[in-house]
Amino acid sequence: MSDLGAAGRTWRCGRYALALNRPLMMGILNVTPDSFSDGGSYFDPVAALEHGRELAADGADIIDVGGESTRPGSDQISPGEESSRVCPVLKALARDFDVPLSIDSRHPEVVSRCMDAGASIINDVSGFRDPAMVALAVSCDAGVVVMHMLGEPKTMQAQPVYEDVLSEVRDYLVKQAVMLEEAGVERDRIAIDPGIGFGKTTEHNIELLRGLPELVATGYPVVVGASRKRFIGELTEEPDPAHRVPGSLAAAAWSALHGASVLRVHDIKETAQAFGVWAAIEGDWL
Ligand code: HH2
């Protein structure tokens with residue numbers, strides 16, 4: 001794999017020290033009725049648990065559990081409702097599997113309950129803008145994902161404008177990461193994420209992916225979530241997110257080759273197959 005990555009280092013996430021000598025796969029588990037690609041499929045806790053089991057069996061290095069869709073145009077739900085979706089699933093996964101669990105939420109109340117339920121990573125798509133989320137990160141030893149989002153999900157795709165998307169996103173992520181370090185979050189717990197599709201046009205997403213080495217050069221492990229997203233549909237004229245797996249694999253492979261440390265994907269089995277073949281050819285991590 002690329003030496004641009006964080007090879008030889010680890011990402012500390014609670015009791016886990018995740019080795020970054022190969023790209024890690026973060027499997028998506030949306031316990032929502034309305035996510036853009038799989039909304040409703042795992043809303044039922046039994047179905048959610050079964051899917052979590054499947055992700056773990058297929059080789060997910062991390063399972064990212066979310067209870068609120070942040071697709072463009074989505075409305076916020078109450079923290080109580082969000083917690084009641086994610087906490088039981090997280091608790092059951094933590095009981096049954098030894099795999100790091102991540103909570104995908106922008107609400108500190110929800111994250112706090114999920115830490116008690118066994119989460120080891122805080123994945124905040126709002127990039128730790130909320131001081132209460134920062135305080136929570138300081139108070140625990142979880143890994144954190146600082147993501148870039150322009151504005152709020154409700155309006156972020158209205159007309160996103162940047163002068164230079166790559167440097168603006170990079171500078172924002174570094175500013176937030178340094179803010180977290182100064183608040184007391186150790187550097188080896190922090191990962192950054194350009195937030196593909198969060199207030200970005202297709203051209204912006206392409207520029208960010210093309211410029212990934214600049215994000216990797218910041219020294220923080222980089223998470224990329226391109227899986228099944230709208231820009232893949234636009235590039236390939238594929239309206240159905242479930243049929244965007246081949247495009248998603250291309251985006252994941254490109255990202256890994258250019259130094260991404262964590263790929264956030266819906267299709268763990270397919271991604272594992274693609275990476276397995278790649279690794280066998282390259283011969284350095286099988
Ligand atoms: N994308 C989504 C949600 N959370 N977290 C990170 N760190 N990076 C991402 O790119 C990212 C994320 C959106 O995808 P999904 O969860 O599949 O959809 P929805 O928000 O509709 O539930």
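Atoms within each ligand, like the ligands themselves, are counted from 1 in listed order.
The closest protein non-hydrogen atom to atom 18 (O) of ligand 1 is F36 CD2, 3.2 Å. For atom 2 (C) of ligand 1, the nearest protein heavy atom (residue, atom name, distance) is R264 NH1, 3.4 Å. For atom 20 (O) of ligand 1, the nearest non-hydrogen atom of the protein is T70 N, 2.9 Å. Scanning the protein heavy atoms around atom 17 (O) of ligand 1, the nearest turns out to be H266 NE2, 2.9 Å. Among all non-hydrogen protein atoms, the one lying nearest atom 4 (N) of ligand 1 is D104 OD2, 2.8 Å. Nearest protein heavy-atom neighbour of atom 5 (N) of ligand 1: N123 ND2, 3.1 Å. At the shortest separation from atom 21 (O) of ligand 1 among protein heavy atoms lies S69 OG, 2.7 Å. The protein heavy-atom contact nearest to atom 6 (C) of ligand 1 is D193 OD2, 3.2 Å.
No donor-acceptor pair under 3.5 Å is formed between the side chain of R170 and the backbone N or O of L212.
If you look at V145 next to ligand 1, the close heavy atoms, those under 4.0 Å, all belong to the side chain.
For the pair R106 and D124, the salt-bridge criterion is not met [side-chain N within less than 4.0 Å of a carboxylate O]. Remark: R71 engages D34 in a salt bridge, criterion side-chain N to carboxylate O under 4.0 Å. Ionic pairing of R210 and E207 is not present here: no N-O contact between side-chain nitrogen and carboxylate oxygen is shorter than 4.0 angstrom. By the 4.0 Å N-to-carboxylate-O rule, R264 lies close enough to D104 to be salt-bridged with it.
When only interatomic distances are considered, the shortest N/O to N/O separation between G195 and ligand 1 does not fall below 3.5 Å. The N/O atoms of T32, backbone and side chain alike, include none that comes under 3.5 Å of an N/O atom in ligand 1.
If you number the atoms of ligand 1 from 1 as listed, the ones under 4.0 Å from a heavy atom of V125 come out as 4 (N), 5 (N), 12 (C). Taking every non-hydrogen atom of G225 and a distance limit under 4.0 Å, the qualifying atoms of ligand 1 come out as 10 (O). For ligand 1 and S35, the ligand atoms under 4.0 Å from any heavy atom of the residue are 19 (P), 21 (O), 22 (O).
Side-chain contact, T202 with N205: no donor N or O sits under 3.5 Å from an acceptor N or O. Residues N30 and T32 have side chains that never bring a donor and an acceptor to within less than 3.5 angstrom of each other. E82 and S105 are linked by a side-chain donor-acceptor pair at a separation below 3.5 angstrom, with hydrogens and angles left out of the test.
The residue from K229, M149, R71 that puts a heavy atom closest to atom 13 (C) of ligand 1 is K229.
Cation-pi check for R228 over F36 is not met; the charged atom does not lie both under 6.0 angstrom from the ring centroid and within 45 degrees of its normal.
Checking M147, Q157, H148 one by one against F198, the side-chain contact (heavy atoms from CB on, under 4.5 Å) holds for a single residue, M147.
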